[in-house]
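In this chain, numbering begins with 1 at the start of the sequence shown.
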Amino acid sequence: TSLMFVVATQNLVGVLSTPQSRTRNFSYYSLGESFSNVLGPVLVGIGIDTVRHPHGIGIDTVRHPLTFLFVADSANHKIRRVSLSGATTTYAGSGNPGAADNVGTSASFSTPEGVAVIGLDVYVADTGNHTIRKLTPSTGAVGEATTFAGAAGIFGFTDNVAGPLARFFSPSSLSAIGTDLYVADSR
């Protein structure tokens, strides 16, 4: 079975396809008068540290030209940063399920799924923890994870409250419009 994830921003569309093989292909397409592949396919996560079960993807729209794509690597409990050349690095996440707020691989997630980018910050639907996490750029090519909304391990439905008082039940998708963040719960 082949899966495809699409993200659109400004006049570009990103497509991440995951065929049965372990190779992940990512392509950018320009939305001008014709729909054309402007960068060609790049390989994502080839090698020992392969991306497994990619879900949400977000595009860094602050840096020009566009520089990075962020991918929720759900089965590896990581957030990956992918350059346009296809170089894939771990932006945050230890690879073991958990809820630690920390920097780079000292942070942990539990089956992250949704990703949205606002400015330089990457927001993550940390599905297994029932939280929304915020990654801010840190020293080097890693992000610092903090819990933005919800409380790890506590699920529910509580709206119109801030930070740790909010409740989600397996948030699975995020979308950013301007500086507003929208969350879809999967239950």
Donor-acceptor contact present, side-chain T131 to main-chain R133, <3.5 Å: no
Check: D126 side chain, S110 main-chain N or O, donor-acceptor pair, under 3.5 Å: yes
Joint cluster assignment, F109 & F70, ILVMFWY side-chain distance < 4.5 Å: yes
Counterpart residues, salt bridge (Lys or Arg N to Asp or Glu O under 4.0 Å), relative to D121 (two or more places apart): K134
With V71, the side chain to side chain contact (heavy atoms under 4.5 Å, CB included) member among V115, V82, I79: V82
In Å and rounded to the nearest 0.5 Å, what is the [atom1] to [atom2] distance from [X] to [Y]?
{"X": "N76", "Y": "T111", "atom1": "CG", "atom2": "OG1", "value": "10.5 Å"}
{"X": "F68", "Y": "T88", "atom1": "CZ", "atom2": "OG1", "value": "11.0 Å"}
{"X": "K78", "Y": "T105", "atom1": "NZ", "atom2": "OG1", "value": "8.0 Å"}
{"X": "N129", "Y": "S108", "atom1": "CG", "atom2": "OG", "value": "7.0 Å"}

May I have the list of side-chain donor-acceptor pairs in residues 142-153 shorter than 3.5 Å, sequence neighbours left out?
| residue | atom | partner | partner atom | Å |
| --- | --- | --- | --- | --- |
| T147 | OG1 | D101 | OD1 | 3.1 |
| T147 | OG1 | D101 | OD2 | 3.2 |

Closest approach of E113 to H55 (non-hydrogen atoms, all atoms of both residues): O-CB, 3.4 Å
For residues 157-183, run the donor-acceptor check on the side chains, cut-off 3.5 Å, and write out each pair with its distance to 0.1 Å, sequence neighbours left out.
| residue | atom | partner | partner atom | Å |
| --- | --- | --- | --- | --- |
| R167 | NH1 | P164 | O | 2.6 |
| S172 | OG | A184 | O | 3.4 |

